[in-house]
Amino acid sequence: MGQITLQKVSKKFGNAEVIPPLDLTIEDGEFTVFVGPSGCGKSTLLRLIAGLEDITSGSILIDGTDATDQPPAKRGLAMVFQSYALYPHMTVRKNIAFPMRMAGIDQAEQDRRIEQAAAALNLTDYLDRRPGQLSGGQRQRVAIGRAIVREPSAFLFDEPLSNLDAALRVGMRLEIGELHKRLRTTMIYVTHDQVEAMTMADKIVVLRAGVIEQVGTPLELYRTPRNTFVAGFIGSPKMNLLEGEEASRHDAHTVGIRPEHIDVAEEGGLWSGRVGVAEHLGSDTFFHVHETGLAETITVRAPGEVNFRHGDRITLSPRLEQLHRFDRDGARIA
Amino acid sequence: MARSVTTRRKIINTALAWSIGLLIFFPILWTILTSFKTEATAIANPPQFFFFDWTLENYAVVQERSNYARFLWNSIIIAGGSTILGIIIAIPAAWSMAFVPSKRTKDILLWMLSTKMLPAVGVLYPLYLIFIELGLLDTRIGLTIVLMLVNLPIIVWMLYTYFREIPGEILEAARMDGASLRSEILYVLTPMAVPGIASTLLLNFILAWNEAFWTLNLTAAKAAPLTAFIASYSSPEGLFYAKLSAASTMAIAPILILGWFSQKQLVRGLTFGAVK
Amino acid sequence: MATQHSRSAARLMMAPAVILLLGWMLVPLTMTLYFSFKKYLPLRGGDLGWAGFDNYVRFVTSSAFWPSVQATLVIVGGVLLITVALGIVLALLLDQPMWGQGVVRILVIAPFFVMPTVSALVWKNMFMDPVNGLFAHLWAFFGAQPIEWLSQASLASIILIVSWQWLPFATLILLTAIQSLDSEQLEASEMDGAPPLSRFMWIILPHLARAITIVVLIQTIFLLSIFAEIFVTTGGAFGSRTLTYLIYQRVLESLNVGLGSAGGIYAVILANIIAIFLMRIVGKNLDA
Amino acid sequence: MRFGKTLCTASVLAIAAAGAATAGSHMTTITIATVNNGDMVRMQGLADEFNKEYPDIALEWVTLEENVLRQRVTQDITAGGGQFDVMTIGTYEVPIWGKQGWLVALDDMPEDWDADDFLPAISSGLTVDGTLYAAPFYGESSMVMYRTDLMEQAGLEMPDAPTWEFITKAAEAMTDKENEVYGICLRGKAGWGENMAFLTAMSNSFGARWFDENWTPQFDTEEWATTLNTYLDVMNNYGPPGASTNGFNENLSLFQQGKCGMWIDATVAASFVTNPDDSTVADKVGFALAPDAGNGKRSNWLWAWSLAIPSGTDAEDAAKTFVAWATGKGYTELVAQNEGWANVPPGTRKSLYENEEYLEAAPFAEMTLNSINEADPKNPTVDPVPYTGIQFVAIPEFSGFATQVGQEFSAALAGQQSAEEALEKAQALVSDEMEAAGY
């Protein structure tokens, strides 16, 4: 079980309000990702849930009981830290056993759970090593193992993949995803990387300056961003946001069009411009187009085989049905 | 990446460093050498370096005159006891300062250090009266407490700087894992800080060992450590360099040997963890 | 960065150390303060009534007061200057590649282990004695008149002895600091065409600022109260009487506890002035 | 984990060990504070003999350098610390402390201790209002010790009672700096028991005094100027280098190495300079009375290192037993048996100077006795004074300001200031201190 409810939760550090009062419910078994640029308060929010920080006002309910004043250990949550926070003086086995030792679980049960977790995480051969002797990915798995054996009602991940190299990150992403599928336990995952958010989440919470901008499934966020901030944050490369005359033509203050929703051709398009940098990824090619008279740069995603060079003049055709319209305050116009 | 250096440069470095090192070490070497001389050779001009008749006579005389083992044992108890006691009191304090800093933390830390600036002579008489009142004069326990208090600020500061190097996330992890404050400090923080604690222990052991004001003024016979032992050889009837050297060697040898064996920890300790 | 719970725990855990030190500071200090207003002469039967500010006035107006403050500052300043300057040179040298670095380091650390009393005795008798000391032999060997170290150059001699004791400390801290300097920084500046001297001035020295601060702070704390070195070598004669030593003479040689206590209070004030001054600098530098 | 436990256990053990130190049997333990002078060290060496005789008294020794010892015992007795059962103190402290009631009267000592045998000059200095408060361990005056061979070379002959004029002449004649032979060695090290002991005694022979009868300091007088100038002249011209840091010990060592022509110092030094084990000039030493300047007073002092028992000790009987043993006639014989007659502690008993064996073994015995008898602590100098004491003034403040005066004179000897400046400063600081003390 692991339903987590935040009611009017706020946090001040001194006089600075980091998180204005907010409400949020995370359903049992859900994989929720907090995403936002650095400094948006997502880690703080996670630490409030963990109990590592006091909330200034409001209350936190875990499975319906008020956990606001409970110390971290009593909340039945497990956390995986950005730095993994492994105990360097203990072996992998001892690291994993530590929470159980603290909970006073008997030795046989401890061993059983360690074996199980180690097998699941491919750590069996490393149980007697110390964290210092492990690679980054292995350390990550130990940290997860330490979280699993507690059989918590929810897992909290604080940017767990940011210290890994790109290839490993993709692998670990999948492992965590599969773990979730297997355990069906609530997971809250903090990241600043929208790709991670999109690929892993059941539900994404987009935060900016402590305020929730939008909550929804990845596709909801992709298809119907509630405002220009979410529109610009979700999706890669970023959505092109245009103001001025082009926007007015669509009765909006701002219009947005994603790079993958623009077609390129040598001629005949709606807009025209000159190719700046062309990034050839093989499957796709990104063109950064200048001199369109609409914005500094318009990014376009074209199939890999399309081949224009720096300096070529091209034309662009936006698919108008995929156009997002926003008002003066940046809110979506339905 | 370290760059390779020409052999010539390395030879010059080596020669220079060794000469300076030996120069700095020379007074100690000379004392040790002199302790094996007869009184006559000790003051001979030109000075005798290695080729003299080595004798252990001075050590025998010194041992006969004063019970070295007792002074040594007192030194060990007092220096060791005060250091360990200090560490036990300082660990929680340093934990608070390092991991739960408040606006006043630094002020408290600096205040603690400033208590070390109080001139000991100024408070000797009052303290002597207090010691009489409490029956602590010439007891090892009294001296242990005083030296612990004298060194406590340094211990707290050193531990504080070591603790600050330990990432707070690990302690938070322990807290998430269900560790109580006590378990957190005992099972996670302390073992992780072992190198820092070891060097703190060492440095303060040395400071306590060499402390000569309180140890001399608050003891008579029973609790007198090696500083009192050496005080009975300063300026004796006639100047007996060889015997003085023997007594000096006996007084500094234990700590010198300890220091050399634990050089690595000590170097760390001396840097107060504050320089990286 | 913590919860209310850990904050109150923190306060509780700091309590023993704070209370002990507070007691250690306040109890004797209060007694000293009390005595300082008393005519307290143990050899005449102890407490002879209140003295008002007599002791304070007498202590400051005594001809020995200002010279003793001056001697204190000269010794502290002199030792700091020598240990820091030589410490940097030595640290730079020890940082170079060489054979037997470990052994050299041991040789250089050794003086730190020597009891102040022992080192004072050894220096005074075996080196600085104008007849039998090694220096006298050395001077005589070159045909020079041996220097009467402890009387003709008493302050310099004491500074020499104390510097010898503290040089290892300074060297080690500075060495560690130098070793932590990113060699890429130096290489970059070399690529930029900086000659060795400016590399030292603009890269190494600023990097050492923090280490130097620590050396100065710790050494000042210990140097303000040096006693054994003076007691053994000159007994405060020849202008080497520091404030600490002057108080010692008042309290324990003249057994004028009242007067000495007043001196003690002055010393506390001086120490605090220096402390505040130091803490200002250190406070800034320690945060880095 | 284990580390924490070890830490706790270790500290508990350390505290327990520190606390358990004092457990003991029915033995009475007495703590004896003493100076690290040769005679006292010898006494410590003979402690086994004491224990053979008194197996139920255990002796704890606190042997310290003179200045440290004096400070420790003074601090302890004034504060009532009770750390010591027997203290080694001198003629300066005994009258002051005895008057304060800090010392146990030695009026019920065993019969065979024979208090009447003590030399009157010595015991009078340890007596307050007719009661003896300390037992003299050894007594001393000061005298001239000189090198007979150098004197002969110089073509001079030392009279038994020389004048300062002669001493100066002889010093000049004996000085041979090329060979590190200096005509005269005198104390220069600052301290009331070091250079000031010598200079005060010397000043007496020039008719100077510390205070007039109204307790006004007298450093501005002609007599003091003559004293100090004579001293500085002879030392600067014929003294050893570094004289301003030489005390008794340093001079002894110089003399033993054959570097001094003359040395005016404590009579006890005689046995050391004539001891062939330590001295290279043992068989070339002559003795004479301390010099005078024709004013009817000689420049010799009087001192007795004595054993006293602080009142309030919890082992008074055992302490008395020890004091009686260490200062009794039996001890003298014990030392004679073990170390030879020349090494017995001198200057305390009449009987010693009637002992043929001693007189034969100690060529300096007669001169020592004469010097002691020459001294008169009640009338130390030419003019009357309000104080007693020859090389000191028996008031509590003396040790403090005399040491500071000593530092000024020492600085003058080191050439850092002139005699006039030194005297001026001395006058100022003594006036200050006397005023502070309420005279």
Side-chain angles (χ1 to χ4, degrees), chain B residues 5 10 13-14 16-18 21-22 24-25 27-28 30-31 43 45 47 89-90 92-93 95-96 100 106 110 112 114-123 125-127 149 152 156 181 206 210 212-213 227 230 234 239 241 244 248 251-252 255-256 259-260 263 267 270-272 274-276, chain C residues 2 6-7 9-10 13-14 16-17 20-21 24-25 28-29 31-32 90 93-94 96-99 104 106-108 110-111 113-118 121-122 125-126 132 134 137 169 172-173 176-177 180 210-211 214 221 224-225 227-228 232 244 247-248 251 257 264 267-268 271 275 279 283:
Chain B
V5 175
K10 202 166 167 184
N13 286 339
T14 308
L16 206 60
W18 274 85
L22 285 172
I24 289 175
F25 184 67
I28 297 172
W30 186 243
T31 309
I43 54 167
N45 187 13
I89 294 171
W95 174 88
S96 323
V100 196
K106 204 154 80 205
L110 293 178
M112 283 186 169
S114 79
T115 62
K116 268 203 80 72
M117 291 194 174
L118 298 187
V121 279
V123 295
Y125 210 82
L127 202 79
L149 288 167
L152 191 58
V156 172
L181 193 58
I206 294 173
N210 289 341
F213 186 77
T227 43
I230 202 71
S234 58
L239 290 180
Y241 285 9
L244 173 67
S248 301
I252 61 175
I255 204 79
L256 209 57
W260 282 350
Q263 211 224 127
V267 171
L270 280 173
T271 60
F272 288 85
V275 188
K276 287 216 285 179
Chain C
S6 57
R7 248 189 297 278
M13 282 163 44
M14 214 143 70
L20 277 172
L21 279 176
W24 170 241
M25 187 187 80
L29 198 64
M31 286 177 78
T32 303
L90 216 52
L93 180 64
L94 287 179
Q96 304 294 317
M98 69 179 75
W99 289 287
V104 173
I106 282 179
L107 295 179
V108 172
F113 302 135
V114 178
M115 280 177 200
T117 353
V118 170
L121 277 171
V122 166
N125 291 313
M126 293 166 58
N132 290 318
L134 273 187
H137 293 333
F169 175 79
L172 274 179
I173 291 202
T176 323
S180 76
R210 194 168 139 81
I214 285 169
I221 287 175
L224 274 178
S225 55
F227 178 78
V232 171
T244 305
I247 298 165
Y248 164 80
V251 177
V257 176
V268 169
M279 300 302 178

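No hydrogens, no waters, no symmetry mates; every other heavy atom, side chains included, goes into these values. Given the structure is predicted, the values throughout are model-derived calculations rather than measurements. Throughout, a chain's letter reflects where its sequence line sits, starting with A, and its residues are numbered from 1.
No side-chain heavy atom of B/Val123 sits less than 4.5 Å from a side-chain heavy atom of C/Met31. Looking only at side-chain heavy atoms (C-beta outward), C/Leu134 and B/Trp30 come within less than 4.5 Å of each other. Looking at heavy atoms from C-beta onward, B/Trp18 lies in side-chain contact with C/Leu107 at the 4.5 angstrom threshold. At least one side-chain heavy atom of C/Trp24 sits less than 4.5 Å from a side-chain heavy atom of B/Leu127.
Of the two parts of B/Ala90, neither the backbone nor the side chain holds a non-hydrogen atom closer than 4.5 Å to a non-hydrogen atom of chain C. Contact of C/Ile221 with chain B is made through backbone and side chain together, with heavy-atom distances under 4.5 Å. Heavy-atom distances place both the backbone and the side chain of C/Val108 under 4.5 Å from chain B. When heavy atoms are compared at a cutoff of 4.5 Å, B/Ile24 approaches chain C by way of both its backbone and its side chain. Both the backbone and the side chain of B/Ala17 come within contact range of chain C, judged by heavy atoms closer than 4.5 Å. Heavy atoms closer than 4.5 Å to chain C are found in the side chain of B/Leu181, but not in its backbone. Using a 4.5 Å cut-off between heavy atoms, C/Val251 contacts chain B through its side chain alone, with no backbone atom that close. For a residue to count as touching a neighbouring chain, one of its non-hydrogen atoms must lie under 4.5 Å from one of that chain's; by this rule C/Leu20 touches chain B with backbone and side chain alike. Interface remark: C/Leu224 contributes side-chain atoms only to the contact with chain B (heavy atom separation under 4.5 Å). Residue contact with chain C, scored on non-hydrogen atoms closer than 4.5 Å, involves the side chain of B/Trp95 exclusively. Residue contact with chain B, scored on non-hydrogen atoms closer than 4.5 Å, involves the side chain of C/Val257 exclusively. Only the side chain of C/Thr117 comes within less than 4.5 Å of a heavy atom in chain B; its backbone stays farther off.
Of the options B/Leu244, B/Thr31, B/Ile230, a side-chain contact (heavy atoms from CB on, under 4.5 Å) to C/Val118 is made by B/Ile230 and by none of the others.
Interatomic distance, CE of B/Met112 versus CE of C/Met25, reported as 11.0 Å (0.5 Å rounding). Taken to the nearest 0.5 Å, the CG atom of B/Leu149 stands 6.5 Å off from the CG atom of C/Leu21.
Minimum heavy-atom separation, B/Ser248 to C/Val122: OG-CG2, 4.2 Å. In terms of heavy atoms, B/Gly122 sits closest to C/Thr32 at O-OG1, 3.4 Å. Closest non-hydrogen pair, B/Lys10 versus C/Pro97, comes out as CG-O, 3.6 Å. Shortest non-hydrogen contact noted between C/His137 and B/Pro47 is CD2-CG, 3.8 Å. Taking each heavy atom of B/Ala251 and C/Met115 in turn, the nearest pair found is O-CE, 3.7 Å.
Among C/Val232, C/Leu90, C/Leu94, the residue with the largest count of heavy-atom pairs under 4.5 Å with chain B is C/Leu90. Of all the listed residues (C/Ala110, C/Gly264, C/Ala267, C/Pro111), the one sharing the greatest number of non-hydrogen pairs under 4.5 Å with chain B is C/Ala110. Looking only at heavy-atom pairs under 4.5 Å with chain C, the residue among B/Leu256, B/Thr115, B/Ile255 that has the most is B/Leu256. Counting heavy-atom pairs closer than 4.5 Å to chain B, the top residue among C/Ala228, C/Ala271, C/Ala17 is C/Ala17. With respect to chain B, the highest number of heavy-atom pairs below 4.5 Å among C/Ile106, C/Thr244, C/Val268 belongs to C/Ile106.
The main-chain N or O of C/Pro116 is never found under 3.5 Å from a side-chain atom of B/Asn210 such that the two would form a donor-acceptor pair. Not a single donor-acceptor pair under 3.5 Å links the side chain of B/Tyr241 to the backbone N or O of C/Met126. Side-chain N or O atoms of B/Asn13 include none that pairs as donor or acceptor with a backbone N or O of C/Met98 at under 3.5 Å.
For the ring pair (Phe, Tyr, Trp, His ring centres under 6.0 Å) test, residues two or more places apart in sequence or in another chain that qualify with C/Phe227 are B/Phe213, C/Phe231, C/Tyr245, C/Tyr248.
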